[in-house]
**Q** 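Structure below; questions to follow.
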There are 2 protein chains.
Amino acid sequence: MKEGPDIAQIGALIGDPARANMLTALMGGKALTATELAAAGGITLQTASAHLAKLEAGQLLAQRKQGRHRYFALADDSVGKLLESIMGFAAGRGHLRHRPGPKEPALRKARICYDHLAGDYGVRMLDSLVAQGAIDAVGDGLALTADGESQLQSMGIDVRDLRSSRRPLCRSCLDWSERRAHLAGSLGKALLSSFFEKGWAHRTAGSRSVVFSPEGERQFLALFPAVS
Amino acid sequence: MKEGPDIAQIGALIGDPARANMLTALMGGKALTATELAAAGGITLQTASAHLAKLEAGQLLAQRKQGRHRYFALADDSVGKLLESIMGFAAGRGHLRHRPGPKEPALRKARICYDHLAGDYGVRMLDSLVAQGAIDAVGDGLALTADGESQLQSMGIDVRDLRSSRRPLCRSCLDWSERRAHLAGSLGKALLSSFFEKGWAHRTAGSRSVVFSPEGERQFLALFPAVS
DNA sequence: ACAATGCTTCGGTTACGATCGAAGTATGAA
DNA sequence: TTCATACTTCGATCGTAACCGAAGCATTGT
């Protein structure tokens, strides 16, 4: 009767509230120290250390020693994908941890989903790219058109370089707040990075939300007009 | 710091081995009674009853009373999708519960993934449909072509009828054994059903594996030739 | 009406794991 | 060397939830 992969193990890893909070914190894409993660989980350093060891043994996290710090990050983007998919599922069932708090609106507007843009702005960007003919959407799949490639090159994104990576260029990712797709994959990552580099937006301290500057917001909205 | 949906709750639900076994058993697509699920989980009826109540409260399961039996099934196909995605993740990390046992080969060859065909045969079917031009694959997305529609109609599948459902027609689903995509969605379901109706294949008792009859296998392989 | 089957509820036990204080190790700075 | 910071390991406590036996409902069959 015991068939297939062991889903209980990773379920249990994600199932502890402290660990779930730490993982959620790491969805911001930045590597964090054990101390920071302890704060995110609302537990002491010793307890966090035990949790982190388990998460690492389960291959959900990877650690990088750097001086006397120990940085933890999600093992790879498949972990981020998994977590976001569970979030989407949980949100669909109304399993929200809290009724919409003060920070929720900012999160819904624009946030980091591991390494790309999600939330209202993330959905808008993808919709707009599809409407402009830069991306072809078939079912759940996304593909960059020749037209879109030149369009992105002119925005300073080296598509050819991205293609060389093993990671898929375009990937749709379901948004837990909007319940619609936004752009993931290496292209999604590159776009978000370019927004940061241009100074259009920056990440906030202890949160996954992305804050746009007034000028950056203007540019973003002009570049990705709303789709009817 | 507490942001976003509560992934810990569903993680915990899936994280218990007994519950995970019951959910895995339900991935076979058939509704099962509490007694059957207790056996699948390796626990007594009382314990199973408590677990089932929790799973139902968490909206992972739906129950249907029928006479003095109580049938449990996955709440909807999004639950199946979630479980399969976790399985894919777990398999990728080598978190297999057992080293490949006697039943593994049959599971790898052909099995039910909630309501459609997975495993080697599932992958072959999709590859073949794509090679024949019946389905367009763009990135991860799948779309039925006009050509494919008539092709399927001639196989006795009423595509127009399927279109009317809210569920997507084509959907790709990542296989944990093959690590490649197979066909899900209402079309995937309809195809598997037709194989059962034609007597090409049948499901096995307490397992998710699908067994083809010699004649059914011949027909299937002829209809979906291997792709280079 | 009575028995049989299928499942739930109750009560009590048990075991596991999350937690933290305290002590130990490693790295860097003074 | 000495101190400070960052983290891990140890040891003990505690709470929760998984578990089962027994009793209680509910439905069906005779």
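Chain A is the first sequence line, chain B the second, and so forth, proteins listed ahead of strands; every chain is numbered from 1. Quick note: numbers below take in every heavy atom, side chains included, and nothing from hydrogens, waters or symmetry partners.
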**Q** Just jot down the side chain to side chain donor-acceptor pair (under 3.5 Å) partners of B:R167, sequence neighbours excluded, or say none.
**A** B:D77, B:D115

**Q** Sequence neighbours excluded, which residues qualify as side chain to side chain donor-acceptor pair (under 3.5 Å) partners of A:T47?
**A** A:T44

**Q** Between B:R70 and D:dT27, does any side-chain N or O lie under 4.0 Å from OP1 or OP2?
**A** no

**Q** Looking at residues 47-56 of chain A, who's got a heavy atom less than 4.0 Å off DNA chain D?
**A** A:S49

**Q** Using a heavy-atom cut-off of 4.0 Å to chain B, what are the terminal contacting nucleotides of DNA chain C, in 5' to 3' order?
**A** C:dA4 to C:dT9

**Q** Ion pair present between B:D120 and B:R111, side-chain N to carboxylate O less than 4.0 angstrom?
**A** no

**Q** Would you kindly give the CG-to-P distance between B:L13 and D:dA17, to the nearest whole Å?
**A** 11 Å

**Q** Sequence neighbours left out, what passes side chain to side chain donor-acceptor pair (under 3.5 Å) with A:E56? Give chain and number order.
**A** A:Q63

**Q** Does the ring centre of B:F224 sit less than 6.0 Å away from the ring centre of B:Y121?
**A**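 Ring centres of B:F224 and B:Y121 not closer than 6.0 Å.
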
**Q** How close or far is atom P of D:dC25 from atom CG of B:L45, stated in whole angstroms?
**A**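 Distance, rounded to whole Å: 17 Å.
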
**Q** What pairs of residues pass the side chain to side chain donor-acceptor pair (under 3.5 Å) test when at least one of them lies in residues 183-198 of chain A, not counting sequence neighbours?
**A**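 Qualifying pairs, neighbours excluded: none.
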
**Q** Rounded to the nearest Å, what distance is computed from the CG atom of residue B:L37 to the P atom of nucleotide D:dC19?
**A**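 Computing the B:L37:CG to D:dC19:P distance gives 14 Å.
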
**Q** Between B:R218 and B:E215, does at least one N-O distance fall below 4.0 Å, as a salt bridge requires?
**A** yes

**Q** Taking the six-membered ring for Trp, are A:F195 and A:W200 parallel (under 30°), tilted (30 to 60°) or perpendicular (over 60°)?
**A**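 A:F195 vs A:W200 ring planes: parallel.
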
**Q** Rounded to whole Å, please give me the gap between CD1 in B:I43 and C1' in D:dC20.
**A** 11 Å

